[in-house]
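Computed over heavy atoms, backbone and side chain alike; hydrogens, waters and symmetry mates excluded.
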Amino acid sequence: MKPAPFEYVRPGSLAEVCALLAGDEDARVIAGGQTLVPMLAMRLARPAKLIDILRLPELAGIRAEDGAVIVGATTRQAKAERDPVIRASVPMLARVLPWVGHPPTRNRGTVGGSIANADPSAEIPLVAVTLGADIMLATTDGPTSMPADDFFIGPMLTTIGQGECVSAIRFPVWPHERIGTGFFEISARKSDFAFVAAAAQVALDDDGSCLEVALGVGGVGDRPLRLDVSSLVGTKLDAPSVADAVNAASADMDAMTDLHASAAYRRRVAGTLCIRALEAARADAAAKPVVGAR
């Protein structure tokens with residue numbers, strides 16, 4: 001099939017993008033197009049206007065700033081995957097990016113596009129929610145931001161309003177020396193959409209006790225979720241403590257049934273993957289040298 005007719009616009013500024021979006025509720029933003037273009041071809045999406053933001057310089061790039069790493073919305077996923085700033089400061093994102101789609105789609109797909117698309121099984125939104133990232137928005141009233149946990153409200157649904165555009169994602173940088181990450185997902189084939197995914201990041205002190213921990217799951221419900229496992233802070237992340245914390249945090253977790261998996265399957269697998277992700281993160285952190293050790 002071919003897309004339904006639409007008007008194509010390439011604005012010269014972010015302010016123009018917001019004005020165009022505010023003036024037409026049927027307008028859609030396009031950057032990498034790895035999700036939108038197939039939807040257009042199948043006529044699952046029929047925007048009246050496509051606004052191409054890919055070449056706006058203010059939306060691209062990766063930079064460290066005030067205890068965070070800012071990733072521009074049009075930054076290619078492949079570029080973020082190889083970026084030394086992300087590898088050094090946002091290790092969970094660096095670990096997860098190779099699982100996003102396939103190399104050709106990462107070469108075209110953008111970080112902001114994955115966030116704005118809000119697929120509940122997508123890996124980048126899972127990282128944003130798990131780490132407590134902020135979604136930065138350009139609006140007709142100027143820049144603003146909101147926590148990722150508030151941005152995603154359902155499958156392919158966000159709180160973004162008319163006249164607003166994702167401009168960047170602000171990932172917090174943990175101030176610890178010994179940080180480890182773990183990530184696991186289950187899918188029909190490698191790089192396909194995940195039925196269930198779990199991402200963990202932990203920080204250990206010199207004695208191997210947990211200083212900070214973050215755990216999230218994706219693909220289980222209608223949006224990625226951060227689980228409260230704060231009870232693990234101060235522990236050695238031993239197996240009984242990890243299992244108890246995961247079981248308590250996931251006890252009331254909503255799960256969906258679809259053609260791929262039942263809700264019961266997703267809950268069971270989520271618990272297993274969360275434990276594995278925490279164990280992998282602990283091992284990764286423990287392998288880091290103790291500060292001042294020779």
Side-chain angles (χ1 to χ4, degrees), residues 31-36 38 62 69 71-83 86-87 89-135 147-149 151-152 154-158 166 168-172 180-201 214-227 255-256 258 260-261 266 269-270 272-274 276-278 280-281 284:
Q34 295 305 287
T35 298
L36 181 56
I62 299 167
V69 170
V71 181
T74 61
T75 303
R76 303 284 195 189
Q77 294 162 3
K79 177 177 174 58
E81 181 182 351
R82 299 187 295 265
D83 188 81
I86 287 178
R87 287 181 177 274
S89 300
V90 194
M92 179 186 287
L93 183 59
R95 178 177 288 266
V96 165
L97 279 167
W99 292 82
V100 177
H102 303 268
T105 61
R106 293 197 297 275
N107 283 333
R108 293 286 302 174
T110 62
V111 174
S114 179
I115 291 289
N117 189 52
D119 190 304
S121 64
E123 293 86 357
I124 297 174
L126 171 59
V127 174
V129 169
T130 303
L131 293 181
D134 289 321
I135 311 303
D149 200 35
F151 182 75
F152 303 106
M156 314 294 185
L157 293 174
T158 71
V166 175
I169 302 89
R170 183 183 185 275
F171 293 95
T181 60
F183 178 77
F184 293 92
E185 71 176 32
I186 298 293
S187 59
R189 295 177 298 272
K190 187 179 186 303
S191 297
D192 276 7
F193 292 108
F195 303 154
V196 183
Q201 183 164 297
L215 176 67
V217 294
V220 177
D222 60 2
R223 58 190 183 276
L225 298 173
R226 175 168 174 154
L227 301 184
M256 60 182 176
D258 58 20
H260 302 293
R266 283 190 161 95
V269 173
T272 299
L273 295 189
C274 283
R276 291 179 182 176
L278 285 166
D284 186 26

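Among residues two or more places apart in sequence or in another chain, the side chain to side chain contact (heavy atoms under 4.5 Å, CB included) test is passed with Ala133 by Ala128, Ile169, Phe171, Pro172. When the side chain to side chain contact (heavy atoms under 4.5 Å, CB included) test is applied to Pro155, the partners found at least two apart in sequence or on another chain are Pro120, Asp222. In this view, Arg95 and Thr181 satisfy the side-chain hydrogen bond (donor to acceptor under 3.5 Å, both in side chains) rule, not counting sequence neighbours. By the ring-ring contact (aromatic ring centres under 6.0 Å, His included) test, Phe183 pairs with Trp99, sequence neighbours left out. By the salt bridge (charged side-chain N to carboxylate O under 4.0 Å, His left out) test, Arg106 is found to be paired with Glu81, residues two or more places apart in sequence or in another chain being considered. Listed by chain and residue number, nothing satisfies the side-chain hydrogen bond (donor to acceptor under 3.5 Å, both in side chains) test with Arg108 (two or more places apart in sequence, or in another chain). A search for side chain to side chain contact (heavy atoms under 4.5 Å, CB included) contacts involving Thr272 returns Arg276, not counting sequence neighbours. Qualifying side chain to side chain contact (heavy atoms under 4.5 Å, CB included) partners for Ala214, counting only residues two or more places apart in sequence or in other chains: Thr130, Trp174, Arg226. Taking the ring-ring contact (aromatic ring centres under 6.0 Å, His included) definition, one finds that Phe195 meets it with His260, sequence neighbours left out. For the salt bridge (charged side-chain N to carboxylate O under 4.0 Å, His left out) test, residues two or more places apart in sequence or in another chain that qualify with Arg266 are Asp258.
Closest non-hydrogen pair, Val217 versus Cys274, comes out as CG1-SG, 3.2 Å. Listed here is the closest heavy atom pair of Ala200 and Ala281: O-CB, 4.0 Å. Of all heavy-atom pairs between Arg76 and Gly32, the closest is NH1-CA, 4.1 Å. When all heavy atoms of Asp284 and Gly180 are compared, the closest pair comes out as OD2-CA, 3.3 Å. Minimum heavy-atom separation, Ile62 to Ala80: CD1-CA, 3.9 Å. Between Ala118 and Thr158, the closest heavy-atom pair is CB-CG2, 3.5 Å.
Judged as a ring pair (Phe, Tyr, Trp, His ring centres under 6.0 Å), not a single pair has a partner in residues 103-134 (not counting sequence neighbours). Applying the salt bridge (Lys or Arg N to Asp or Glu O under 4.0 Å) test to pairs two or more places apart or on separate chains, none has a residue in residues 115-132.
Distance check: Arg223 CZ to Asp149 CG gives 7.5 Å after rounding to the nearest 0.5 Å. The distance from atom CG of Leu157 to atom CG of Asn117, rounded to the nearest 0.5 Å, is 10.5 Å. Rounded to the nearest 0.5 Å, atoms OG1 (Thr75) and CG (Asp83) are 8.5 Å apart. Atoms CG and NZ, from Asn107 and Lys79 in turn, are 12.5 Å apart once rounded to the nearest 0.5 Å.
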Discussion item. What verdict does the side-chain contact (heavy atoms from CB on, under 4.5 Å) test give for Val220 and Met256, after you've listed the backbone C-alpha separation in whole Å, the side-chain angles of each residue and the deciding distance to 0.1 Å?
Written reply: CA-CA 6 Å; Val220 177; Met256 60 182 176; over 6 Å; no
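Side chain of Gln77 to main chain of Thr110: a donor-acceptor pair is present (N/O by atom type, distance under 3.5 Å, no hydrogens or angles).
Between Val96 and Leu126 there is no side-chain heavy-atom pair separated by less than 4.5 Å. In this structure, the side chains of Ile115 and Ile124 come closer than 4.5 Å at one or more pairs of heavy atoms.
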